K.L.:
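Submitted below is the structure of interest, expressed as structure tokens.
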There are 2 protein chains.
Amino acid sequence: MAGKADTRARILDIAEAAVLEKGFEATSIDEIVASAGISRGGFFYHFPDKNALARAMLERYIATEDKLYDDIFARARALDDDPLHAMLIGLKMLAEALENMPQGHPGCVIASTAYQDRLFDQGVRDLNRQAILGWRARFRAMFEEIESSYDLRETVDLDALGDMVSSVVEGGLVLQRALREHNAASQQIMLLRSYIKLLFAPRA
Amino acid sequence: MAGKADTRARILDIAEAAVLEKGFEATSIDEIVASAGISRGGFFYHFPDKNALARAMLERYIATEDKLYDDIFARARALDDDPLHAMLIGLKMLAEALENMPQGHPGCVIASTAYQDRLFDQGVRDLNRQAILGWRARFRAMFEEIESSYDLRETVDLDALGDMVSSVVEGGLVLQRALREHNAASQQIMLLRSYIKLLFAPRA
DNA sequence: GAATGTACTGGACTGTGAGTCCAGTTGTTG
DNA sequence: CAACAACTGGACTCACAGTCCAGTACATTC
């Protein structure tokens, strides 16, 4: 029936939807193959095991998230050339984007791999780590640029501040899932925005 | 060999240590019973299924966390009667407490149950939700008291601000596990502290 | 001191899901 | 037409959750 290697992408789509809804462990391979209309053998042809599936999903998610950040903060910068204002606009956009993600944000994937340690192999864990380090570097650079034209009202470690974006997104998503309040994550991002706004003062 | 119903507590201790290290799903009942020196039948005598174990662990964790918050913020308040200063002292203490938790903070339990939805029953999810709502109320009350003698530099929703404590703890723990940096969570708490410090201004 | 209950042991059994192996089939490409 | 990629289908092993139950050691109650 199918044609080429788009089966792999279909598996990933189906797996992602299922994992977002129920969690990784609760999603069985049987279920995925049934819903994809392929055989178990077909699944294992594309992915040697469930770890490989997790890795592929993580890779896709990280790429998506990176692109989201690229787009949002580029658009924000286009709207305002001041680095602080651009950051504040970007965070607002990020909050909106989080609110408009229908059935849960893939950020889950990060948190759930972090907490299901031994279930995943080194490759998955490394990917996770690299992604977060990448976001740290990205936001750190943005904060450094802001710092070059603003004064810090409080002494803070810029790496930790860069991490705070990931941290607030992940923490907000945990709350959102646990509370079943759809806008918890975006609210938390808005609080982070409020912090950033207060943290930087126009140079004296 | 054993005496009374302390077997139940021993199971919980062992399970908690294992879950903190590897995650809930990666911890098998066989492993727990082996390490507790009891039979499988013995385990199921105390817990009808793994959900009941999860529920019991969550209950214990929530009680511990509540007590930690009670202690810390009571001690902080004893050190400074001003509600803002007490909050700042408390957050510092919380950051230190997080740093001194040897093999990972049980906050994991919250995040991991949140992300493994269908694996847990309604009881577990409700418990999780109630705990977070309890912390929201606790911190909201503290922020309200601060607000009664300070001005807010930014308009913020006090529920969201109350949630921010849980959010930053959970998000920080996700980072900490993913990055394998032992002080990530405590750093994030310190940033939250810095936000609170900036957010409230002495009444004009 | 017989009866009852609690806290188990030990073992057999079912079911589900991951992962392996492999022989065979279909469509595409050189 | 040969070779390869992308599968199918089925048989199999293993680990783990969960069920059922008969028996046992110990303490408490009548």
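Remember, it's a predicted structure, so these values are computed and weren't measured experimentally. Chain letters run A, B, ... following the sequence lines, proteins first and then strands; every chain starts at 1. All values below were derived from every heavy atom in this structure, side-chain atoms included, with hydrogens, water molecules and symmetry-related copies excluded.
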K.L.:
In whole angstrom, give the distance that lies between atom CZ of B/Arg8 and atom P of C/dT6.
P.N.:
16 Å
K.L.:
In whole Å, I'd like the distance from the CG atom of B/Asp6 to the P atom of C/dC8.
P.N.:
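Rounded to the whole Å, the gap is 8 Å.
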K.L.:
Tell me the interatomic distance from A/Leu53, atom CG, to C/dG17, atom P, rounded to whole angstroms.
P.N.:
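Rounding to the nearest Å, CG of A/Leu53 and P of C/dG17 are 16 Å apart.
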K.L.:
Quickly work out the B/Tyr45 OH to D/dG23 P distance and round it to whole Å.
P.N.:
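From B/Tyr45 OH to D/dG23 P: 19 Å.
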K.L.:
In this structure, how many angstroms lie between the C1' atom of D/dG18 and the CG atom of B/Asp121, rounded?
P.N.:
15 Å
K.L.:
Using modelled atom types and a 3.5 Å cut-off, is there a donor and acceptor pairing between side-chain atoms of A/Arg129 and backbone atoms of B/Leu179?
P.N.:
yes
K.L.:
Looking only at side-chain N and O atoms, does A/Trp135 offer a donor or acceptor that is under 3.5 Å from a partner on A/Asp163?
P.N.:
no
K.L.:
Can you check whether A/Leu94 reaches A/Leu68 side chain to side chain, under 4.5 Å on heavy atoms?
P.N.:
yes
K.L.:
Between B/Thr7 and C/dC8, does any side-chain N or O lie under 4.0 Å from OP1 or OP2?
P.N.:
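Yes, because at least one side-chain N or O of B/Thr7 sits under 4.0 Å from OP1 or OP2 of C/dC8.
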K.L.:
Quick check: do B/Leu12 and B/Met57 have side-chain heavy atoms less than 4.5 Å from each other?
P.N.:
yes
K.L.:
Does atom NZ of A/Lys22 have more than 12 heavy-atom neighbours, drawn from other residues, nucleotides or ligands, at distances under 6.0 Å?
P.N.:
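It does: A/Lys22 NZ has more than 12 such atoms within range.
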K.L.:
I want to check one thing: is the phosphate of D/dA5, taken as OP1 and OP2, less than 4.0 Å away from some side-chain N or O of A/His46?
P.N.:
no
K.L.:
Could you tell me how the ring of B/Phe139 sits relative to the ring of B/Phe73: parallel (under 30°), tilted (30 to 60°) or perpendicular (over 60°)?
P.N.:
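Answer is perpendicular, since the angle exceeds 60°.
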K.L.:
Using a 4.0 Å cut-off on protein heavy atoms (strictly under), produce a 5'-to-3' string for nucleotides 18-25 of chain C with B for base contact, S for backbone-only sugar-phosphate contact, and - for none.
P.N.:
BBB-----
K.L.:
Rounded to whole Å, how long is the line connecting atom CZ of B/Phe47 with atom P of C/dC8?
P.N.:
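From B/Phe47 CZ to C/dC8 P: 11 Å.
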